[in-house]
Amino acid sequence: SKRGKPYLLTDSQRTELFNLVDSNKILDPVTALIIVDVQNDFISGSLAIQEGELIVSPINNILDTYKFDLVVYTLDWHPHDHISFVENVKKREIDPASKVKAEHAKVQDEVIFRIPGYEEGRIQTVWPRHCVQNTEGAKLHKDLKLLNNALYINKGTDPDIDSYSAFWDNGKLRQTQLEAELRKRKVTDVYVCGLAIDICVRFTSLDSIAHGFRTILIDSACKGVDQQSVEPSREQIRKSGGLCIDICEMGDIY
Ligand code: VGL
Ligand code: ZN
């Protein structure tokens with residue numbers, strides 16, 4: 001099969017849409033597709049997202065239709081004692097050896113964690129145990145097409161801090177390899193899809209924009225955890241300079 005690069009809209013439309021990020025015309029984009037967290041626990045497991053399985057075939061279609069210069073699969077990849085698991089809050093309330101201290105939950109599902117010596121607490125939403133390293137729930141969905149030469153990015157591997165973005169942890173303390181790998185390949189355009197549009201897809205997209213990549217969220221290849229926050233997430237991405245499109249708007253192949 002003949003696969004070409006996705007070519008989005010006309011060049012002047014592209015420039016107009018992305019002038020918040022970069023006003024230079026890019027006539028020959030270098031493209032990456034980031035496929036976020038298409039893992040069993042988010043589809044059929046402990047954190048199953050409504051209609052999550054419906055994004056697998058659209059993503060496979062994108063991979064069959066377009067040739068990206070780089071395809072990235074991200075994985076939520078938590079140790080068993082991860083801070084985001086509701087089962088682990090108690091230990092951080094009572095264990096004096098714990099690096100971060102949990103305060104009693106003020107809001108349902110949200111816990112404030114304090115690092116001794118720091119004034120500011122960090123609010124962490126707690127979730128059912130999910131995507132524990134090397135478990136069935138952490139595996140990519142069995143029907144998701146895996147390309148050769150793809151890049152795999154694990155996130156949320158530090159027990160004491162969560163990571164919604166595939167670029168940074170939630171405290172922006174440490175970066176993953178993702179930015180360096182995109183720069184190494186001189187990527188200009190970053191397409192994002194996967195789970196969940198209101199959490200990890202959202203924060204990955206916002207960081208991609210912040211890094212100066214033209215960022216295109218492929219709406220019809222995403223699903224959300226909380227239906228109320230799906231549209232606000234899109235709006236935030238648009239306002240920050242990103243673009244939300246449908247697969248059918250990905251344009252002609254060149
Ligand atoms: C995610 C909740 C917790 C996601 C990850 O991938 O959107 N959501 N961890
Ligand atoms: Zn997680």
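Every number for a ligand or one of its atoms is a count from 1 in the order of the listing. Residues: numbered from 1 along the sequence shown.
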His78 near the Zn ion (ligand 2) via N/O/S, less than 2.8 Å: yes
NE2 (His130) - the Zn ion (ligand 2) - OD2 (Asp76) angle, nearest 10°: 100°
Identify, by atom number and element, the atoms of ligand 1 in contact range of [X], meaning under 4.0 Å from any of its heavy atoms.
X      : answer
Ile199 : 7 (O), 8 (N)
Leu195 : 6 (O), 7 (O)
Asp37  : 4 (C), 6 (O)

Geometric class of the Tyr152/Tyr73 ring pair [parallel <30°, tilted 30-60°, perpendicular >60°]: parallel
Aromatic plane relationship, His211 with Trp168 - under 30° parallel, 30 to 60° tilted, over 60° perpendicular: parallel
side-chain contact (heavy atoms from CB on, under 4.5 Å) partner of Trp77, the single match among Asn134, Asp37, Val132: Asn134
Side chain Asn88, main chain His82, donor-acceptor under 3.5 Å: yes
Backbone N/O of Phe68 and side chain of Thr31: donor-acceptor pair under 3.5 Å: no
Distance-only polar pair, side chains of Ser229 and Asp198, donor-acceptor under 3.5 Å: yes
Heavy atom of the protein closest to atom 5 (C) of ligand 1 (residue, atom name, distance): Asp76 OD2, 3.1 Å
Nearest protein heavy atom with distance in Å, relative to atom 4 (C) of ligand 1: Cys200 SG, 2.9 Å
Would [X] count as being in polar contact with ligand 1, using the rule that some N or O on each side must be under 3.5 angstrom apart?
X      : result
Val225 : no
Ala196 : yes
His130 : yes
Asp162 : no

Over 12 foreign heavy atoms within 6.0 Å of CG, Leu147: yes
Ring centre gap for His130 and Phe85 strictly below 6.0 Å: yes
